[in-house]
Protein chains: 2
Amino acid sequence: MVSIKDIAKKAGVSISTVSYALNGSPKVTDETCARILAIAKELNYTPNAAARTLKKRESKIIGVFLTDFSGPFYGHLLQGIKEYLNGHDYELIVCSGSQSHRFLPERMIDGAIILDAAFTDEELLQHADRGHKIVVLDRELIHPNINQVLLDNKAGANLAADYVLEKGHRKLYVVAGPQDSYDSDKRLHAVRQTVGRYKDVDCTELPGSFDKESGEKAARRILEAYKEPAAVLCLNDEMAVGVYNTVAESEYRIGEHIHIIGFDNIELSAYVSPRLATIDYSKHKWGALAAEQLLKLIAGEKVEHERIYVTLVKGESVGDV
Amino acid sequence: MVSIKDIAKKAGVSISTVSYALNGSPKVTDETCARILAIAKELNYTPNAAARTLKKRESKIIGVFLTDFSGPFYGHLLQGIKEYLNGHDYELIVCSGSQSHRFLPERMIDGAIILDAAFTDEELLQHADRGHKIVVLDRELIHPNINQVLLDNKAGANLAADYVLEKGHRKLYVVAGPQDSYDSDKRLHAVRQTVGRYKDVDCTELPGSFDKESGEKAARRILEAYKEPAAVLCLNDEMAVGVYNTVAESEYRIGEHIHIIGFDNIELSAYVSPRLATIDYSKHKWGALAAEQLLKLIAGEKVEHERIYVTLVKGESVGDV
DNA sequence: TTGTAAGCGTTATCAC
DNA sequence: GTGATAACGCTTACAA
């Protein structure tokens, strides 16, 4: 491996002069600077990240932590984060799994964006206590080193519930997400609140886990008890797709017997037939805003918690044309 | 930041003893070892990754490089890589964008898995020349430090072409991928070869770029020239979905006027209607095998290039029921 | 303008 | 068994 020492030797200068030249310090003559740069290029020199990180105590790398790599909307979210970071001299790495949690305390990264229920609140607070900067996308955590950029789950769930209720539905099912999911929890509470304003609504809550299988399972229970047209509020789109799968194998029809609305507006929801009604928000903006907040936190600027707004996407899945 | 120096001071021992204890060396007494470990925990000690990487000249981190984060099958691929690596004491980070290319030469990572046309062959060969270990998923590159784990594009394209040809189609369209894509290139050549064996086939090649938009564009050209039922070979599923979109807005029907087959078997292809015929392969296995080859390369073991086999998925999109 | 030297947090080679 | 000490590659006062 070629280091600044090798360059110094070949150029007949000291390593500090090489370091200055490489970092474009004005202290060194244009002439020697040029000579050193030429030799560096000739020797194919590349700086050693570990050494620089060790010395400067920063890596210029931000880590994004996801529960898994398969989320249907991670692409846009990560793209938003990446674009912001690259425009601000930071690099992005994506991590998943508990083993990668060490990256933060080990100072491999300068900050973290969390969308991963595998992190406990305690763990994040502990990191924050030790001075690490964190932006959370999936929980509420109050700490000077932690900033929240959260979806407006309440507004979204209200929009969804009002939509089917206004269509006249009085037989309702809600398919919930995992117990430990912040988003599911908020959405469920908002639905309960909205539904509670109507006294003639029969609302049944079904467990789920934000994946297709749990949607299929819920659908089987709904179909078994079928007596009259019912509306199904799925707390995310993936479960709604699961409901589609099961209903497709039955004598019933989505948009006719089973009306359904999801949450997230994933790409698939535009391709299932009939089109799934859902709640939309900009994943790109969510990511970009999270990145912006994190860099501000790192720079020591004061930041407020942020909220991502949502809109209703109508669809034939609730009988709308 | 608490370092081994702090632990040494508090324990009244030298830093080398602390290091030994922390690394479970048998040289230190169980007693002192336990005491040191207790103090480390008490002080909330975590090792500094940069320092360890600098000294040991390895990071135990593997980087996966993707063109972007939105690929519809990256989830399974990454999961396969992650599972293998985590079972072998390595951690995975996912990178995208030319800025992140520096991770390899800067020795931030111990090896790289490449599925990213933004890397040139020259760049990769240069890294390999400097001793970096690389597994390529998207090109053929011969170098002792580079291993290939490639899809059997030829077999897949042959399967797809034979499938529609055996259905009796003689009017064919091929929607190609980007010019710089290895997979597209291989698939296109295989299709040409298969089609060449029939002298009565009229085959038109259309440009594309592996995204929906290019599929839509190709479909518009196909529909404008429509005279009789035609078969469309899309060199990946995303473009096939684009064709669906455009055909859906016309008077023609997929599986009746326009027969179509894709490549990749992405999740969406099972949800478009009618179901898209396509070429399937295990993305999970592809990732796991790539990871395995890379660790062998790093360990200095001899490795052979590998191939991922493909199968045909029939579908109503070619009139099959 | 350039050189000297200390130090970032580890690991590892020696002595004792 | 344990302790000095050098080294990894780099940055940055401070000295010359």
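Convention: sequence-line order gives letters A, B, ...; per-chain numbering from 1.
Of all the residues in residues 100-108 of chain B, not one reaches under 4.0 Å from DNA chain C with any non-hydrogen atom. Sorted by residue number, the members of residues 36-45 of chain A with any non-hydrogen atom under 4.0 Å from DNA chain D read A/Tyr45. Applying a 4.0 Å cut-off to non-hydrogen atoms, the residues of residues 14-30 of chain A that approach DNA chain D are A/Ile15, A/Ser16, A/Ser19, A/Tyr20, A/Asn23, A/Lys27, listed by residue number.
Side chains of A/Ser25 and A/Asn23: no donor on one and acceptor on the other come within 3.5 Å. If you check the side chains of B/Gln126 and B/Glu122, you find no donor sitting under 3.5 Å from an acceptor. A donor and an acceptor atom, one from each side chain of A/His143 and A/Asp129, are located under 3.5 Å apart.
Residues passing the side chain to side chain donor-acceptor pair (under 3.5 Å) test with B/Tyr281 are B/Asp264, sequence neighbours excluded. Scanning for side chain to side chain donor-acceptor pair (under 3.5 Å) contacts around B/Arg35 gives an empty result, with sequence neighbours left out. For A/Ser16, the side chain to side chain donor-acceptor pair (under 3.5 Å) test picks out A/Ser14, with sequence neighbours left out. Applying the salt bridge (charged side-chain N to carboxylate O under 4.0 Å, His left out) rule to B/Glu267 yields the partners A/Lys212; only residues at least two apart in sequence or on another chain are considered. Scored by the ring-ring contact (aromatic ring centres under 6.0 Å, His included) test, A/Tyr84 finds A/His88 as partners (sequence neighbours excluded). Applying the side-chain contact (heavy atoms from CB on, under 4.5 Å) rule to A/His305 yields the partners A/Ile142, A/Asn147, A/Gln148; only residues at least two apart in sequence or on another chain are considered.
Using bins of under 30°, 30° to 60° and over 60° for the plane-to-plane angle, the ring pair A/Phe119/A/Phe65 lands in the perpendicular bin.
A/Ser100 contributes a side-chain N or O that, together with a main-chain N or O of A/Gly97, makes up a donor-acceptor pair within less than 3.5 Å. Checked by atom type and distance alone, the side chain of A/Asp68 pairs as donor or acceptor with a backbone atom of A/Ser70 at under 3.5 Å. At least one donor-acceptor pair under 3.5 Å links the side chain of A/Asp110 to the backbone N or O of A/Ser59.
At a threshold of 4.0 angstrom between heavy atoms, the contacts of A/Thr32 are confined to the sugar-phosphate backbone, with no base atom among them.
At most 12 heavy atoms of other shown residues, nucleotides or ligands fall within 6.0 angstrom of atom CD in A/Glu304. The environment of NZ in B/Lys10 is sparse: at most 12 heavy-atom neighbours from other residues, nucleotides or ligands sit within 6.0 Å.
Here the shortest heavy-atom pairing between A/Ala118 and A/His101 reads O-CE1, 3.7 Å.
Contacts between chain B and DNA chain C, taken as any atom within less than 4.0 angstrom of a protein heavy atom, begin and end at C/dC8 to C/dC14. The outermost nucleotides of DNA chain D lying under 4.0 Å from heavy atoms of chain A, listed 5' to 3', are D/dC8 to D/dC14.
A salt bridge links B/Glu106 with A/Arg52: at least one charged nitrogen is closer than 4.0 Å to a carboxylate oxygen.
The end-to-end axis angle of the helix from C/dT1-D/dA16 to C/dC16-D/dG1, rounded to 10 degrees and based on five pairs per end, is 50°.
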